[in-house]
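Have a look at the structure below, then the notes.
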Amino acid sequence: MRFIVSSSYLLKKLQIIGGVINSNNTMPILENFLFELSENKLVVSASDLETTIKGVIEVESTDSISIAVPYKILIDTLKTFSEQALTFIINDNNTIDIVSNNGKYTLAYLDSNEFPSVVEIENASQVTLMGDILATAIQSTFFATGNDDLRPIMNGVFFNFTEEGLIFAATDAHKLVKYERQDIKSDQPAAFVIPKKPLNLLKGILAGSETQVTIEYNESNAKFSFDQLDYVCRLIDGTYPNYEAVIPKENPNKLIVNRNLILNSTKRISNFASKATHQMRIKIVGNSLQIFAEDIEYNNRANETIPCNYEGDDMEIGFNSKFFIEMLSNLSSDEILLEMSYSNRPGILTPADGLDEGEKIYMLVMPTMLSNA
């Protein structure tokens, strides 16, 4: 049995599908692709048990067979080929011959029966949205997810689909991000948490994409389908914390400042902050924004003053500079709006421009205790 396929086309598809394969697997079979050949279609799957990626690859063939093919040796070999047609010959002695323009390469394959079956999502609800919108939602929230084995529910992004719009949220208890799309709605409300790994794979592939992504989900699994690819992942079980309760509703003090200006200033100032607390101090008087940091232990200190537009009472508040830089770096607007109430209450960071109609981003900046507050 055999099939013929373009080397570069195959490599591109296999690199996407193989992104889910771990370097250390509990089961040897998971170090392989599942190849399911059916005439002119090769369905390739890869899995880490929690997430499975399946893709369709167009080939030239009249045969049908199912085998497990080693991931690493195949990928490493394909990377070295210039663009050409490759012929895969599947032998009865559990070997595959790969025939190129200049040579033949033989590798062993395994029985496909050992490969875990893909979960079928029964009684699924679904919503469809543009790939770039999903990528932006993931990019905007992903960095705020947790890494706590004791609270796994926070180690993913919360998807909340309602008749009013779609909400994506993430928090690690130190920072919180809420991304909202009021221009996309779901007829069947649902709330679930997607783990970080499949989201990380998705955001890299979908950035800038105009393809439509269909999300199907039930109580235990979700599937993302686009461009002849299916990402099926197990949801994180549990109840997501009530993040809305910690977002202050009344924030009379409003600061607008150039994002790059305050980002670069914070990066410089943070070098002089305490390595233990990363604390920086912001003081706003009129339309003047002063940023301070010091490390008493090493006698390091720095301050800068940058222009801003400010409406509200004179204010002094402390933030963790590391978290502040993360938030600013994950926005793309020219200017940002920082809304505050008191020095011991969180501030809300949002883009002041550049959003689509119906798009909203809220980043909760937790304050730090100032010694003279």
Side-chain angles (χ1 to χ4, degrees), residues 1-121 197-198 201-202 204-205 221 223-234:
M1 293 183 225
R2 68 178 60 205
F3 63 88
I4 301 171
V5 64
S6 155
S7 59
S8 57
Y9 169 63
L10 179 63
L11 175 62
K12 181 180 178 181
K13 287 286 191 176
L14 292 186
Q15 284 178 319
I16 293 173
I17 297 167
V20 75
I21 297 177
N22 295 326
S23 55
N24 296 312
N25 288 293
T26 54
M27 298 168 57
I29 193 68
L30 298 179
E31 297 174 3
N32 295 263
F33 291 111
L34 174 64
F35 277 20
E36 297 174 287
L37 180 64
S38 177
E39 295 187 345
N40 290 320
K41 182 172 70 174
L42 177 66
V43 178
V44 180
S45 303
S47 178
D48 67 356
L49 294 183
E50 296 292 325
T51 302
T52 299
I53 304 177
K54 176 187 285 190
V56 176
I57 298 174
E58 304 297 333
V59 298
E60 292 180 30
S61 179
T62 58
D63 299 320
S64 297
I65 195 171
S66 178
I67 57 174
V69 182
Y71 160 81
K72 190 174 189 311
I73 188 172
L74 179 57
I75 288 288
D76 288 347
T77 302
L78 289 172
K79 286 178 181 178
T80 66
F81 287 125
S82 58
E83 167 54 26
Q84 60 187 282
L86 298 177
T87 300
F88 285 70
I89 302 171
I90 302 163
N91 304 308
D92 293 335
N93 62 350
N94 280 67
T95 63
I96 304 173
D97 295 331
I98 304 174
V99 182
S100 71
N101 290 343
N102 300 314
K104 184 174 79 170
Y105 319 87
T106 302
L107 64 153
Y109 65 81
L110 300 176
D111 190 333
S112 64
N113 291 333
E114 299 178 34
F115 201 87
S117 58
V118 179
V119 173
E120 295 295 332
I121 302 182
K197 183 173 180 178
L201 295 171
L202 283 167
I205 296 167
N221 295 278
K223 179 168 73 171
F224 300 81
S225 302
F226 59 95
D227 292 343
Q228 294 188 304
L229 288 168
D230 290 337
Y231 286 63
V232 180
C233 65
R234 188 176 300 169

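Being a predicted model, the structure only gives us computed values, none of them experimental.
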Determine whether a donor-acceptor pair (N or O, by modelled atom type, separation under 3.5 Å) exists between the side chain of E83 and the backbone of S8.
yes

Exactly one of I67, T106, I89 clears side chain to side chain contact (heavy atoms under 4.5 Å, CB included) with I96, and that residue is I67

Rounding to 0.5 Å, atoms OG (S66) and CG (N113) come to a distance of 7.5 Å

All heavy atoms of P116 vs all of I29, minimum pair found to be CD-CG2, 4.3 Å

- Message: Using only atom types and a distance under 3.5 Å, with no angle test, would you say the side chain of N91 pairs donor to acceptor with the backbone of N93?
- Response: no

Output for pair (K13 NZ, E58 CD), nearest 0.5 Å, gives 8.5 Å

### Task
Classify the ring geometry between F81 and Y105 as parallel (under 30°), tilted (30 to 60°) or perpendicular (over 60°).
perpendicular

Under 3.5 Å donor-acceptor, N22 side chain and N25 backbone:
no

Rounding to 0.5 Å, atoms CD1 (I17) and CG (D230) come to a distance of 10.0 Å

Smallest heavy-atom separation, S38 atom then S64 atom, equals CA-OG, 3.7 Å

Residues F115 and F33: closest non-hydrogen pair is CE1-C, 4.4 Å

Flag the pair N32 / P70 as yes when at least one side-chain heavy-atom distance between them is below 4.5 Å, and no otherwise. yes

OH of Y9 to CG of L78, rounded to nearest 0.5 Å, is 13.5 Å

message: If you define the side chain from C-beta out and look only at heavy atoms, does anything of I75 sit under 4.5 Å from L11?
response: yes

Between the OG1 atom in T77 and the NZ atom in K72, the distance rounded to the nearest 0.5 Å is 9.0 Å

Is it the case that the ring center of Y109 lies less than 6.0 angstrom away from the ring center of F88? no

* So does I4 have more than 12 non-hydrogen atoms from other groups sitting under 6.0 Å from CD1? -> yes

Next on the checklist: Donor-acceptor check, side chain of D48 to backbone of I21, threshold 3.5 angstrom: yes or no?
Outcome noted: no

Per side chain to side chain contact (heavy atoms under 4.5 Å, CB included), V118 is matched among T52, I53, L34, V43 by T52

With a 6.0 Å cut-off (strictly less than), is the heavy-atom count around NZ of K41, excluding the residue itself, greater than 12? no

Here the pair of heavy atoms bringing E39 nearest to L37 is O-CD1, 3.6 Å

Next item on the list: Decide yes or no for V44 and V69: does some side-chain heavy atom of the first lie under 4.5 Å from some side-chain heavy atom of the second?
Entry: no

Between L86 and S100, the two heavy atoms sitting closest are CD2-CB, 3.7 Å

Exercise for the section: Report yes if the side chains of F226 and L202 come closer than 4.5 Å at any heavy-atom pair, otherwise no. Expected result: yes

Is the side chain of S7 donor-acceptor paired with the backbone N or O of Q84 at a distance under 3.5 Å, no angle test?
yes

- Task: Apply side chain to side chain contact (heavy atoms under 4.5 Å, CB included) to I57 and F35, showing your working.
- Result: CA-CA 10 Å; I57 298 174; F35 277 20; over 6 Å; no

Q) Where do I98 and L74 land on the side chain to side chain contact (heavy atoms under 4.5 Å, CB included) test, with the steps shown first? A) CA-CA 10 Å; I98 304 174; L74 179 57; 3.9 Å; yes

Point to revise | Sub-4.5 Å side-chain heavy-atom contact between L49 and M27 | key: yes

Scanning both residues in full, the closest heavy-atom pair of L229 with G55 reads CD2-CA, 3.6 Å

To the nearest 0.5 Å, atom CZ of R2 lies from atom CG of D63 at 8.5 Å

Are N221 and R234 side-chain neighbours, meaning at least one heavy-atom pair lies under 4.5 Å?
yes

